[in-house]
Amino acid sequence: MKFLIFAFFGGVHLLSLCSGKAICKNGISKRTFEEIKEEIASCGDVAKAIINLAVYGKAQNRSYERLALLVVTSFDELQRRASEARGKIVVYNQPYINYSRTVQYRTQGAVEAAKVGALASLIRSVASFSIYSPHTGIQEYQDGVPKIPTACITVEDAEMMSRMASHGIKIVIQLKMGAKTYPDTDSFNTVAEITGSKYPEQVVLVSGHLDSWDVGQGAMDDGGGAFISWEALSLIKDLGLRPKRTLRLVLWTAEEQGGVGAFQYYQLHKVNISNYSLVMESDAGTFLPTGLQFTGSEKARAIMEEVMSLLQPLNITQVLSHGEGTDINFWIQAGVPGASLLDDLYKYFFFHHSHGDTMTVMDPKQMNVAAAVWAVVSYVVADMEEMLPRS
Ligand SMILES: *[C@@H]1O[C@H](CO)[C@@H](O)[C@H](O)[C@H]1NC(C)=O
Ligand SMILES: *[C@@H]1O[C@H](CO)[C@@H](O)[C@H](O)[C@H]1NC(C)=O
Ligand SMILES: *[C@@H]1O[C@H](CO)[C@@H](O)[C@H](O)[C@H]1NC(C)=O
Ligand SMILES: *[C@@H]1O[C@H](CO)[C@@H](O)[C@H](O)[C@H]1NC(C)=O
Ligand SMILES: *[C@@H]1O[C@H](CO)[C@@H](O)[C@H](O)[C@H]1NC(C)=O
């Protein structure tokens, strides 16, 4: 009954648009059915105009086109086809070049799609290999640009949609997404240290992050980095050693959410920055290491090369450039020497931020070697008479 009344009012409203006259008062029609039929007939021209526009005219196929998505392989292609993106879901099927290059599509894809009027974006997982595995990760919005929904899809689905689109097949996708942003809550960095015997105020910091992405267990990213850092202190303790400088372990919280724990630690501790000799982070897997990546002065690099020569028995002596890590970059940018573990990255982006990041990926023998490298470097630098020179 309610439905019938509603339908009736709806009809009245439409008729009033055609005739320009109000025909009902207090919800009760005073018109006869004949009069109503006349009203409807007066809309004939409007109906014809709509039919011509929708079925034969300029608007023909428009709702279908709007529904179908647009597949592009690059931001350049999106720019070239910007006029086709309005009102659509944009799918990025960018090839994997390397992580730092390709991850731009995940971090910026929604912003770039929204700028050309897209309603949502889907991003091919940033992964060097896939067995139908979606890989998630951080993504950014920009002030003044609509915050459209965005999600990662598998490499396989992105490629399939790309093939379908290239054959002229229209693809329609219904997005059902359950992602939510919850209010911030308290979380903590975990800190442990072996206090220095001679220069306790001076610090060598060794670290990994405790949090992981919402898929997988985070065994590789960054359980491995966290646990070889812990192991470095355990090995030194087992051997009854105590370096001159404090060897501090930090297991960062909320790295994946944007280096939140690291930023807080930096704000609290930067007052003592002049007493930080070296900051270290392992956050690119603990597969078989081949050396260190290091950022610091030439003098400091020469010292690090000597330190690494102690690892000749393991043939792990390389000191490359670009020592870095989300959690230690605050210190490195402020001039503190920084080191990260250089290991075999071959498999890292197979599993990164996917359900595949589990203990199955981890190899105890490779972790033994990674922990040995980590412990030798952190202990020797902490035990040297002088801090690493900054210039
Ligand atoms: C509308 O779609 C039909 C079916 O795909 C197609 O044959 C027709 O050419 C399209 N019309 C325009 C104007 O694109
Ligand atoms: C990633 O690829 C780009 C483009 O080929 C290149 O310029 C850049 O140096 C590469 N980065 C790394 C870390 O290999
Ligand atoms: C800074 O170092 C001094 C000793 O040099 C120490 O007493 C103080 O607790 C340190 N501050 C922080 C925030 O670590
Ligand atoms: C750095 O450590 C030295 C002793 O090793 C201490 O005298 C000095 O106060 C410390 N500086 C800061 C900023 O904590
Ligand atoms: C030692 O390591 C280097 C560089 O990682 C590698 O090229 C070389 O083959 C290794 N030598 C042995 C004996 O394993």
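Whatever order the structure lists ligands and atoms in, that order sets their numbers, starting from 1. Numbers here simply count residues along the sequence, with the first being 1. Computed from a predicted model, the values in this text were never measured in an experiment.
In summary, the atoms of ligand 3 found under 4.0 Å from a heavy atom of Leu268, numbered by their order in the structure, are 13 (C). Short contacts between ligand 3 and Glu201, defined as distances under 4.0 Å to a heavy atom of the residue, involve ligand atoms 4 (C), 5 (O). Of all the atoms in ligand 4, the ones that sit under 4.0 Å from a non-hydrogen atom of Ser274 are 13 (C). Taking every non-hydrogen atom of Val271 and a distance limit under 4.0 Å, the qualifying atoms of ligand 4 come out as 13 (C). Close approach to Asn272 involves these atoms of ligand 3, each under 4.0 Å from a residue heavy atom: 1 (C), 2 (O), 3 (C), 8 (C), 10 (C), 11 (N), 12 (C), 14 (O). When each atom of ligand 4 is checked for a heavy atom of Asn275 under 4.0 Å away, the hits are 1 (C), 2 (O), 3 (C), 8 (C), 10 (C), 11 (N), 12 (C), 14 (O).
Proximity of Phe287 to Asp363: side-chain heavy atoms (C-beta onward) are nowhere separated by under 4.5 Å.
For the side-chain hydrogen bond (donor to acceptor under 3.5 Å, both in side chains) with His209, the lone residue among Asp283, Thr326, Asn189 that qualifies is Asp283.
In this structure, the separation between CD on Glu298 and CD1 on Ile303 is 11.5 Å, given to the nearest 0.5 Å.
For Tyr141, the OH atom sits in a packed shell: over 12 heavy atoms of surrounding residues, nucleotides or ligands are nearer than 6.0 Å. Crowding of Leu345 atom CG: a count of heavy atoms from other residues, nucleotides or ligands under 6.0 Å exceeding 12.
The shortest N or O to N or O distance between His269 and ligand 3 is under 3.5 Å. Residue Tyr199 places no N or O, backbone or side chain, under 3.5 Å from any N or O of ligand 4.
Ser354 places no side-chain N or O within donor-acceptor distance of the main-chain N or O of His135, the cut-off being under 3.5 Å.
Listed by chain and number, residues touching ligand 2 at under 4.0 Å (heavy atoms only) are Ile97, Asn98, Ser100, Arg101.
The salt bridge (Lys or Arg N to Asp or Glu O under 4.0 Å) analysis of residues 140-168, with sequence neighbours excluded, yields the pairs Arg124-Glu159. Residues in residues 101-123 take part in these salt bridge (Lys or Arg N to Asp or Glu O under 4.0 Å) pairs, two or more places apart or across chains: Glu112-Lys115.
Considering only residues two or more places apart in sequence or on other chains, Glu386 meets the side-chain contact (heavy atoms from CB on, under 4.5 Å) condition with none of them.
Counting only N and O atoms by type, the side chains of Ser121 and Thr150 include a donor and acceptor under 3.5 Å apart.
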